[in-house]
Every structure is written in C-alpha cells, then in structure tokens.
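Counting starts at 1 for both ligands and their atoms, in listed order.
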Amino acid sequence: AEHMETNSRETLKADFDAFDISEELGFLLEEPLTSLPDYYRVWLDLANNLTHLIESHTLRDLVHKMPVLSPDFLIDHRELRLAHLVLGFISMGYVWQEGQHAPAQILPKALALPYWLVSRRLGLPPILTYADSVLANWKLKDPTGDMEIGNMDLIVSFPGGESCRGFFMVSLLVEMAASSGITVKKLFLFLDHVDPTAFHGTLRIFVSGWRDNPMLPRGLLYEGVSNEPILLSGGSAAQSSTIQCFDMLLMNESLFVHLVSVLFIDSAYLGSFLTRMREYMPPAHRQLIETLSVCPSLRDFILSHSSSDLCQAYKSCVSALVDLRNYHLNTVAKYVVVPGNHARAMGCPLRGVGTALNETGTGGSSLMVFLKSVRNTTQKALILERPSASKETEM
Ligand code: HEM
Ligand SMILES: *[C@@H]1O[C@H](CO)[C@@H](O)[C@H](O)[C@H]1NC(C)=O
Ligand SMILES: *[C@@H]1O[C@H](CO)[C@@H](O)[C@H](O)[C@H]1NC(C)=O
Ligand SMILES: *[C@@H]1O[C@H](CO)[C@@H](O)[C@H](O)[C@H]1NC(C)=O
C-alpha cells in the first residue's frame, strides 16, 4: 500500500507540473521575480513609478523615448511572466493615461513589439490579464516572513491607492483560499478597503480592454506587429482558472454551457463568454480545464452511486459555489451598477468601461442577467436526479 501511495503521489506531482500548478499555491505563480536583467531597466523604472507617471501625464512621453528592446535575453518562465506583467501595466497606463474619452489608438513599437513577442512565447494575449495582475503580481514585504496577507504586497499597481491594492488582493486571497479553505465571507471582507467611487471612477478604466469597448470600437493598433487594429478584452476574474475548474469538476461542461445559453437572452455572444475567457489564461491552466471537461463526470459518478454521504459532500461543494456567486452579484451591484447609474444621472456615462462584457447602455442590466444566469445554472446542479426512468429527486 505504501508503494502505491508513493506512486500516486509521484503521478500527482507530474500532473501538477504538467498543468503548471503548485500544490501549495494552486494557480498562483510561485515566487514571482521582481526584477529583470539590467538591459530591461527602463521597463521596470516605468512600471515601478506607474501611478505617479499616469497622474502627472508623463508616461506617454517617456514611452515615446523608450528604445525597442529585444526580449531574447529573457530566459526562464518567471522572467517572461514579469516582462508580460510590466509591459501590460505600462500599456494600460499608456492607452488610458488621458481618461476614457481620449484613449491612444496606437501602441508604439517600443511597447508593442517586445510585448507581442513575449506574449507569443507565453501563449498569452498581448493585454493585461488576470494571470498577470493577480497570479504573477505578488511579493512578500519581508522575504523571510510567511505568506500571509499582512506580509504581502503587489509588485505593480495603478492609481487608486488602497482601493487598487484591495481590488487585486481580494482575488489573490481567493486563489490562495482555493488551496487552503478560508471561508468566502471572510475573504470578501477585504473589499472593505475598496471604495466604490474610487474603484469605478479611477481604477476600472485601467483594466479596460479594446474589444466591445465603444471608446476603442476598432481595437488597438500594435505598431510594428500588424497593420490592422487588434481586439482584446480587458482583465477580469472571469479569467480565473480556479472558478472554471470548480465548475468543470462539479457540473459537466455540456450541462453548464447549455444552461447558460438557454437562460441567457443573447446566447450567441454571452454563452461563449466564459469559454472565450480561457484564451486569456496560461496555456497549461487552460489545458487543465479542457482535460477536466472531457473527463468522466463526477456528477454522473455520484448519480450512479446512491450514497447519501457522497451526495451531501457534492451538494456542499456546489452550495459554496452558489454562495460565492451570490456574494459576487452583490459586489458587482455595489461596484459597477450603482456607481454606473450615478455617473449616468450626472451625465457622464461610463459605457463599456472596465468590464469584459459589454453593457451597451443598458445600465448594467445585461451584465447582471448574465451573472444571475451563471448563478442559477450552478444552483440547478444541486438537484440530483437519477438518470434512470425514475424521476424522483434525491435529497
Ligand atoms: C470589486 C470586486 C469585483 C468586481 C467589481 C467584479 C466585477 C465583475 C464583472 C463586471 C464581471 C462580468 C465579466 C466581466 O465583465 O469581466 C465579473 C465576472 C466574474 N467575476 Fe468578478 N468582480 C469582482 C471580484 C471578483 C472576485 C474577488 C472574484 C473571485 C475570484 C470574481 C470572480 C468572477 C468570475 C468567476 C466571473 C465570471 C462569471 C462567473 O463565473 O460567475 N470577481 N466580475
Ligand atoms: C518617479 O518619477 C518622478 C517624476 O519623473 C520622479 O520625481 C521620482 O523620483 C520617480 N520615482 C521613482 C521611485 O523612480
Ligand atoms: C456586445 O457588442 C457586440 C459588438 O460590439 C454586439 O454585437 C453585441 O450585440 C453586444 N451585446 C450586448 C449584450 O450588448
Ligand atoms: C434566476 O433565478 C431567480 C429565482 O429562482 C429568478 O427570479 C431569476 O429570474 C433567474 N434569473 C435568470 C437570469 O435566469
């Protein structure tokens, strides 16, 4: 038995490595680097001073003076991830420095070309993703100390002070909790540090992309890369592999995608939204979700074994996901819908800004309908019906 256990641990370790996940930290990047070879100093100088450079409206000028650096001296995965992170933050700052009404239409070659090449090597799109701003954007204040929230900080931030920090930190905590099991409510308490007005008015714009965004309807031109503008969505926790893995484990994909598209009005666009967000995940993480989606379904297994212990365990997992999505719905109302309505009433609509989903002037209602339909779909998985002729519901 001991031999078998060693064997299965080794297999598990090999699986973790293949999908680029860590036993302790899940999808978080382990020990992210905070510096690059000296040749890239100009990138780090801009990224480390980003808030100041945006607020003083000097970032664009400095980018225009930047040399076109070759990414060939970046060797290992963590160097590439840090390069993708800093180029992402600088690009967002560059595009949105003058606010939502005056985005840059062209990303200069000194940013666009190395960013595109680094992205291609990582299999990530050339835009700031959740894999950058959350998974690879953390450091320990005291490097000899523990990995607990008081000892953790972001590597790169946007304007917005504590609200910016709190916004990214809460997602970081969710990712940490996914491997250790802190409760949902306790986690979201961290949002007490995120002021809805600061979030909506300041931070949101810097995570906005150039797809379904009326401010950049044709996308962004990456100079030196392509002659046509490119359309890419902004960063969002919808790009979290953790939540999609839970979905795949607990509900099989066909059930999930089918229910979302039946429940949602504009199914062609939105039913595919969560699937499209996988293109913004590191390829190894995306691969895990795809592998889970074709594995024999856990749900079917539970249905075929009438064990009430198994059913109970299954239901408490699904309930936790429903709770998370309910809590999240309130969060989106507080941070997106309410301040959005307020801004509209003041005559300054923020349409399409800061969400990967387009709200297209509906006051965020399609956004809420979407999130509710995902929640409702999760809730339906609580009903365990036998696949046989008998239609009785097992409780
Ligand atoms: C202030 C905090 C937050 C705000 C304002 C917010 C906002 C949003 C918005 C607007 C969407 C719709 C998709 C999009 O437009 O990108 C979304 C989706 C999503 N968010 Fe958040 N979010 C917040 C925090 C979180 C956290 C901490 C998590 C946990 C990891 C999370 C997980 C998700 C997931 C998984 C989706 C996809 C829909 C689903 O699977 O239910 N969000 N969020
Ligand atoms: C940030 O930039 C400002 C203005 O260019 C400069 O005064 C300041 O010293 C810089 N700070 C850092 C940490 O580089
Ligand atoms: C979102 O935008 C796309 C194209 O910009 C449009 O075709 C689609 O109808 C919009 N969807 C919603 C729900 O507004
Ligand atoms: C979700 O379910 C609730 C209550 O069960 C219902 O009122 C609501 O209309 C449903 N929403 C969607 C988008 O399916």
| Minimum side-chain heavy-atom gap Leu107-Glu223 below 4.5 Å | no
| task | Tell me which part of Asp247 gets within contact of ligand 1: side chain, backbone, both or neither, using heavy atoms under 4.0 Å. | result | neither
| Any N or O on Arg375 sitting closer than 3.5 Å to an N or O of ligand 4? | no
| said: Could you check whether any side-chain heavy atom of Leu29 comes within less than 4.5 Å of a side-chain heavy atom of Asp20, counting everything from C-beta outward? | reply: no
| Which atoms from ligand 1 have a heavy atom of Phe199 less than 4.0 Å away? | 5 (C)
| request: Please examine the side chains of Tyr335 and Phe167, heavy atoms only from C-beta on, and report whether any two atoms are closer than 4.5 Å. | output: no
| query | How about Ser233 and Trp210: do any of their side-chain heavy atoms sit closer than 4.5 Å? | reply | no
| request: Pick one of side chain, backbone, both or neither for how Leu324 approaches ligand 1, counting any non-hydrogen atom pair under 4.0 Å. | output: neither
| said: Quick one: does any side-chain atom of Gln239 pair with a main-chain N or O of Tyr130 as donor and acceptor, under 3.5 Å? | reply: yes
| said: Please compare Ser171, Ser208, Ala237 and report which has the shortest non-hydrogen distance to atom 32 (C) of ligand 1. | reply: Ala237
| task | Indicate yes or no for a side-chain donor-acceptor contact from Arg375 to the backbone of Asp323 under 3.5 Å, with no hydrogens or angles considered. | result | no
| field | Arg325, portion touching ligand 1 at heavy-atom distance under 4.0 Å | value | side chain
| note | Contact region, Thr242 to ligand 1, non-hydrogen atoms below 4.0 Å, reads neither
| field | Under-4.0 Å salt bridge between Arg81 and Asp76 | value | no
| Option nearest atom 3 (C) of ligand 1 (shortest heavy-atom distance, choices Tyr335, Phe167, Tyr130) | Phe167
| said: Looking at Arg60, is its backbone amide N or carbonyl O close enough to the side chain of Gln97 to form a donor-acceptor pair, meaning the two atoms are under 3.5 Å apart? | reply: yes
| remark: Candidates His328, Lys372, Met169, Arg375; heavy atom nearest atom 6 (C) of ligand 1 found on His328
| Which ligand 1 atoms are under 4.0 Å away from a heavy-atom of Ala238? | 19 (C), 34 (C), 36 (C), 37 (C)
| said: As a quick check of understanding, evaluate ring pair (Phe, Tyr, Trp, His ring centres under 6.0 Å) for Phe89 and His84, giving each step before the final call. | reply: CA-CA 9 Å; Phe89 267 84; His84 201 267; over 10 Å; no
| said: Looking at Ile155, is its backbone amide N or carbonyl O close enough to the side chain of Asn137 to form a donor-acceptor pair, meaning the two atoms are under 3.5 Å apart? | reply: yes
| message | When you measure from the side chain of Tyr115 to the backbone of Ala83, do you find a donor-acceptor pair of N or O atoms at a distance under 3.5 Å? | response | no
| Does ligand 1 have any atom sitting under 4.0 Å from a heavy atom of Thr378? | no
| task | Within a distance under 4.0 Å of any heavy atom of Ile243, pick out the atoms of ligand 1 and give their elements. | result | 35 (C)
| message | Need the ligand 1 atom indices (1-based, order shown) with element for anything under 4.0 Å from a heavy-atom of Val174. | response | 29 (C), 30 (C)
| query | Can an N or O of Ser240 be found at a distance shorter than 3.5 Å from an N or O of ligand 1? | reply | no
| request: Verify the cluster assignment for Met215 and Ile54: are they in a single hydrophobic cluster under the rule of side-chain heavy atoms below 4.5 Å apart? | output: yes
| query | By number and element, which atoms of ligand 1 are closer than 4.0 Å to a non-hydrogen atom of Val336? | reply | 5 (C)
| Subset of ligand 1 atoms that lie under 4.0 Å from at least one heavy atom of Leu367 | 10 (C), 12 (C)
| Any idea which atoms of ligand 1 are less than 4.0 Å away from a heavy-atom of Val170? | 27 (C)
| task | Show which atoms of ligand 1 fall inside a sub-4.0 Å distance from at least one heavy-atom site of Val332. | result | 6 (C), 7 (C), 8 (C)
| query | Quick one: does ligand 1 sit under 4.0 Å from the side chain of Val194, the backbone, both or neither, non-hydrogen atoms only? | reply | neither
